[in-house]
S.K.: 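Structure incoming, see below.
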Amino acid sequence: MESFKIKKICCIGAGYVGGPTMAVIAEKCPHLKVTVVDINEERIDEWNSSDLENMPIFEPGLKEIISKVRGKNLFFSTQIAKEIKESDMVFISVNTPTKTEGFGAGYAIDLKWVESSARQVAKYAQGHTIVVEKSTLPVKTAEVIKEILLNSIKNKNCKDYDKTFSILSNPEFLAEGTAIQNLQNPDRVLIGGEDQESINYLKEIYMNWVKSTKILTTNLWSSELSKLTANAFLAQRISSINSISAICEVTGAEVGEVSKAVGFDSRIGSEFLSAGPGFGGSCFKKDILNLVYLAKFYRLNEIADYWEQVIKLNNWQNRRISQLIVEKLFGTVSLKKIVILGFSFKANTNDTRESPAISIVNDLLENGAEIKIHDPKVKSKQIMKDLNLSFNTKEKRKEFGSWDYVSDVYKALENADAAVIVTEWPEYKKLDWLKISEIMRNPAWLFDTRSITEPSAIKETSINYWSVGNGSLE
Ligand code: NAD
Ligand code: UGA
C-alpha cells in the first residue's frame with residue numbers, strides 16, 4: 001500500500017445523498033476526480049442535464065455547486081464497471097428501504113441494493129480499494145460487505161492477485177432542505193473502521209474543509225449503530241412534542257410556547273421541537289423499524305416496544321388530522337373542495353417519500369372530497385405516483401373523491417371549503433387570508449398542521465381556524 005494515494009472516488013447511488021455529498025466533496029477537493037454512478041439512466045441523464053432546473057433533486061445551493069464542478073472533477077455516469085475499476089475509494093450510497101416481503105418484512109432493511117453494489121465492487125475493483133458505507137445500514141452490515149469482497153479475492157479464478165479491500169462506515173447525517181449547509185459545515189463526521197490507515201485516508205479528504213476535532217472515529221459497529229440512534233432520538237423528540245400538542249389543544253396551552261420554554265433548557269435545546277402532522281421522509285420510520293428489528297433479534301422486547309411507540313404516536317398524529325378535518329366540516333367532506341398546501345415531506349425539498357400529505361389526501365379522497373394539491377417544487381407526475389391514482393378518480397369509483405394539481409393557490413381557493421397547510425413552505429406564511437376569506441365558500445376552514453399562520457391575521461377574517469397544538473380559534 002506504500003504508493004497508494006486517493007486520486008479517484010466513485011459513489012454508487014446518485015440519489016438524495018450520493019448527489020449532494022459528492023458535489024460537495026468535488027467542490028472542496030479539486031485534486032480529486034469524483035464520479036457518481038447509478039443503474040437508473042434517467043436519473044443520470046437528469047444530473048447531466050444542461051438545464052439545472054431539471055436536476056432530479058431540488059436542494060438549496062446545489063445548483064450553484066453543480067454548475068461549478070460538473071465536467072471538471074465531478075461526473076455522473078452509468079458506466080459502473082469502468083468507474084469502480086479506476087477508483088481508489090468507492091462509496092456505497094444506495095437505497096436501503098424496509099423489506100416488504102419475506103423474513104423481517106415491515107421491519108428489517110432490504111439489503112438487496114447494498115449487496116448488489118458490494119458484488120459489483122468485488123467484481124470490478126483493481127488494486128487496493130477502500131469501500132465506504134455511506135448508506136444507513138443495520139449494525140453488522142460491514143460484515144456482509146466484507147465477506148462478499150473477501151470471497152472475490154479467495155476465488156481461485158481471480159486474476160487480480162493484487163486486489164485488496166478495506167471497509168469503512170461513514171454514515172451521512174445531512175437533512176434534506178439543508179443538505180448543502182449540513183455537508184459544508186457538519187456537526188460531526190463519523191468514521192468507523194478497523195484499519196487505521198484507511199480511516200486516515202478518508203479523514204484527510206474531509207480535513208480539506210472540516211476541522212479534525214469534528215471528525216470522530218469509532219469501531220465499525222458503533223458507527224453503524226450511532227446513525228440509527230441519531231435518527232431514533234430526533235424522531236423521538238418529534239413524537240414527544242406531537243403528543244404534547246394534543247394535550248395543548250384540550251387544555252388551552254399553546255404548543256409553541258411550551259416548546260420554547262422547554263427548549264430554553266440547555267440540556268434539552270430548541271431544535272426538533274416543532275409540532276406538526278407527524279414526521280415524514282425516507283429515513284426516520286425505516287431506521288426506527290430497523291432498530292426495533294435489531295432489538296427483537298437480540299430478544300430485547302421491551303426495547304423494541306419502547307422505540308416502536310415513537311412510530312405508533314407518529315401514525316396517530318397523522319391520522320387524527322384527517323379525522324379532525326372531516327369532523328370540523330360537519331362530519332362529511334363528500335363533494336367538498338379542499339385545497340392541500342404542500343405535498344413534500346418538509347419545506348425546501350421536492351422529496352415526497354413518507355410525506356404526511358399522502359395519507360391525509362388518501363383519507364380525504366376515501367371520504368369523497370374534491371382535492372386540489374399545490375406544491376412549489378413537487379411535480380404532478382410524482383403526486384400521481386404517490387397517490388397511486390390518476391386525476392379525476394371519482395369517475396372510476398363512485399364513492400371516491402377526485403384530485404387535481406394546481407399552480408395558483410388563490411385560484412384554487414375560489415369556492416373552497418377548506419385549506420390545509422401540510423408543508424411549511426415559506427410562501428404559505430405570506431398568504432393574504434383576508435383576500436382569501438372573500439373567495440372561499442362559507443363556513444370556510446383553514447387547518448394549519450404546521451402552525452405557521454399568524455392567528456391574529458385569521459381573526460380579522462371570517463375563516464374558521466384550527467392549528468396543531470393550539471386547536472380551534474374561538
Ligand atoms: P435514493 O433512493 O435517493 O438513491 C439511491 C440511488 O441508488 C438510486 O438512484 C438507485 O437507482 C441507486 N442504486 C441502487 N442500487 C444500485 C446499484 N447496485 N448500482 C448503482 N446504483 C444503484 O436514496 P437516498 O435518499 O440517497 O438514500 C441513500 C442512503 O442514504 C439510504 O441508506 C438512506 O437511509 C441514507 N440517508 C439518506 C438521507 C436523506 O436525507 N435522504 C440522509 C442520510 C442518510
Ligand atoms: C433526517 C435527519 O434530520 C438527518 O440528520 C438524517 O441524516 C436523515 O433524516 C436521514 O438519515 O435520512 P430529513 O428526514 O431529511 O433528515 O429531514 P428532517 O429535518 O429530520 O425532517 C424529518 C421530518 O420531521 C419532516 O417531516 C419534518 O417536517 C419533521 N419535523 C422535523 C417535525 O415535524 N418537527 C421538527 O421539529 C423537525
Side-chain angles (χ1 to χ4, degrees), residues 10-22 36-44 46-47 56-57 59 76-81 83-84 90-98 109-121 133-138 141 170-179 182-183 186-188 227-228 230-235 237-242 245 255 259 263 270-287 290 314 317-318 342 344-349 351-357 422-424 449-451 468:
C10 167
C11 173
I12 307 179
Y16 281 86
V17 170
T21 308
M22 293 302 127
V36 191
V37 295
D38 206 293
I39 39 174
N40 183 337
E41 267 180 50
E42 194 186 336
R43 219 171 204 190
I44 292 295
E46 285 172 352
W47 280 111
I57 288 167
E59 195 59 65
F76 293 92
S77 168
T78 49
Q79 291 192 295
I80 301 177
E83 295 303 333
I84 292 176
V90 177
F91 287 80
I92 298 181
S93 187
V94 298
N95 35 319
T96 51
T98 306
I109 293 291
D110 192 340
L111 285 173
K112 166 161 86 199
W113 292 273
V114 173
E115 189 180 324
S116 71
S117 304
R119 286 184 192 279
Q120 284 167 318
V121 180
E133 294 177 349
K134 194 43 128 176
S135 294
T136 303
L137 295 169
T141 304
N170 173 221
E172 185 47 62
F173 294 99
L174 68 81
E176 288 177 30
T178 53
N182 301 148
L183 288 162
D187 285 346
R188 81 315 214 167
K227 173 63 198 176
L228 293 184
N231 272 1
F233 274 44
L234 289 169
R237 282 173 74 98
I238 302 170
S239 279
S240 298
I241 199 66
N242 282 342
S245 76
V255 79
S259 297
S270 60
E271 302 276 326
F272 269 72
L273 287 180
S274 302
F279 55 77
S282 61
C283 295
F284 280 171
K285 188 169 153 197
K286 80 156 166 71
D287 291 347
N290 187 217
N314 197 55
Q317 177 80 349
N318 190 233
S344 57
F345 80 96
K346 65 183 280 199
N348 289 318
T349 178
D351 195 349
T352 59
R353 290 177 288 182
E354 299 289 338
S355 175
V422 185
T423 314
E424 72 286 18
T449 73
R450 299 281 184 170
S451 295
V468 76

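When a ligand or atom number is given, it counts from 1 through the structure's own listing order.
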S.K.: Is ligand 2 less than 4.0 angstrom away from at least one heavy atom of Ser274?
M.R.: yes
S.K.: Checking a contact table here: which protein heavy atom is nearest atom 38 (C) of ligand 1, and how many Å away?
M.R.: Val17 CG2, 3.2 Å
S.K.: Quick one: look up the protein heavy atom nearest atom 14 (O) of ligand 2 and list residue, atom name and how far away it is.
M.R.: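 Nearest protein contact, heavy atoms only, for atom 14 (O) of ligand 2 is Phe345 CE1, 3.6 Å.
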S.K.: Nearest to atom 22 (C) of ligand 2, what protein heavy atom do you find, and at what distance?
M.R.: Phe284 CE1, 3.6 Å
S.K.: Looking only at N/O atoms, are Tyr16 and ligand 1 under 3.5 Å apart anywhere?
M.R.: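 Such a contact does occur with ligand 1.
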S.K.: Any nitrogen or oxygen of Thr136, main chain or side chain, under 3.5 Å from a nitrogen or oxygen of ligand 1?
M.R.: yes
S.K.: Which residue owns the protein heavy atom closest to atom 18 (P) of ligand 2, what's the atom, and how far is it?
M.R.: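 For this ligand atom, the closest protein heavy atom is Lys346 NZ, 3.7 Å.
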S.K.: Tell me which protein heavy atom sits closest to atom 7 (O) of ligand 2, plus the residue, atom name and distance to 0.1 Å.
M.R.: Leu174 O, 2.7 Å
S.K.: Report yes or no: does a heavy atom of Lys227 sit under 4.0 Å from some atom of ligand 2?
M.R.: yes
S.K.: Side chain or backbone of Ser135 under 4.0 Å from ligand 1, or both, or neither, by non-hydrogen atoms?
M.R.: both
S.K.: Does Asp351 approach ligand 2 within less than 4.0 angstrom via side chain, backbone, both or neither, non-hydrogen atoms only?
M.R.: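 Neither part.
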S.K.: From atom 6 (C) of ligand 1, work out which of Ile12, Asp38, Val37 has a heavy atom at the shortest distance.
M.R.: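 Comparing heavy atoms across Ile12, Asp38, Val37, the nearest one to atom 6 (C) of ligand 1 lies in Asp38.
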S.K.: Decide whether an N or O pair under 3.5 Å exists between Arg43 and ligand 1.
M.R.: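 Such a contact does occur with ligand 1.
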S.K.: Donor-acceptor pair, Ser93 side chain versus Cys11 backbone, under 3.5 Å?
M.R.: no
S.K.: Which bit of Glu115 gets closer than 4.0 Å to ligand 1, counting heavy atoms only: side chain, backbone, both or neither?
M.R.: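 The answer is neither.
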S.K.: Quick check: does any side chain N or O of Lys285 sit under 3.5 Å from a backbone N or O of Gly280, one acting as donor and the other as acceptor?
M.R.: no
S.K.: Tell me: protein heavy atom nearest atom 20 (O) of ligand 2, and distance?
M.R.: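 Nearest protein contact, heavy atoms only, for atom 20 (O) of ligand 2 is Phe272 CZ, 3.1 Å.
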S.K.: Heavy atoms only, cut-off 4.0 Å: how does Leu174 contact ligand 1, side chain, backbone, both, or neither?
M.R.: both
S.K.: Could you tell me whether some N/O pair between Gly18 and ligand 1 is separated by less than 3.5 angstrom?
M.R.: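 There is no such contact.
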S.K.: So between Val121, Leu137, Val94, whose heavy atom ends up nearest atom 28 (C) of ligand 1?
M.R.: Val94
S.K.: Suppose we measure from atom 5 (O) of ligand 2 to each protein heavy atom; which comes out shortest, and what is that distance?
M.R.: Phe173 O, 2.7 Å
S.K.: Would you give the length of the straight line joining atom NZ of Lys286 to atom CG of Asn231, rounded to the nearest 0.5 angstrom?
M.R.: 7.5 Å
S.K.: Does Glu176, backbone or side chain, put an N or O under 3.5 Å from an N or O of ligand 1?
M.R.: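 Min N/O separation from ligand 1 is below 3.5 Å for Glu176.
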S.K.: Out of Arg450, Glu176, Arg353, Lys286, indicate the one that has the non-hydrogen atom closest to atom 27 (C) of ligand 2.
M.R.: Arg450
S.K.: Mind checking whether Thr96 has an N or O less than 3.5 Å away from an N or O of ligand 1?
M.R.: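 Right, the criterion is met.
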S.K.: Could you check atom 12 (O) of ligand 2 against the protein and tell me its nearest heavy-atom contact, residue, atom and distance included?
M.R.: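 Protein heavy atom at minimum distance: Cys283 SG, 2.7 Å.
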S.K.: Short N/O distance, under 3.5 Å, between Asn40 and ligand 1?
M.R.: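 So ligand 1 has no N or O lying under 3.5 Å from an N or O of Asn40.
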S.K.: Considering Asn242, Ile241, Ile238 one by one, which has a heavy atom nearer to atom 24 (O) of ligand 2 than any of the others?
M.R.: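 Shortest heavy-atom distance from atom 24 (O) of ligand 2: Ile238.
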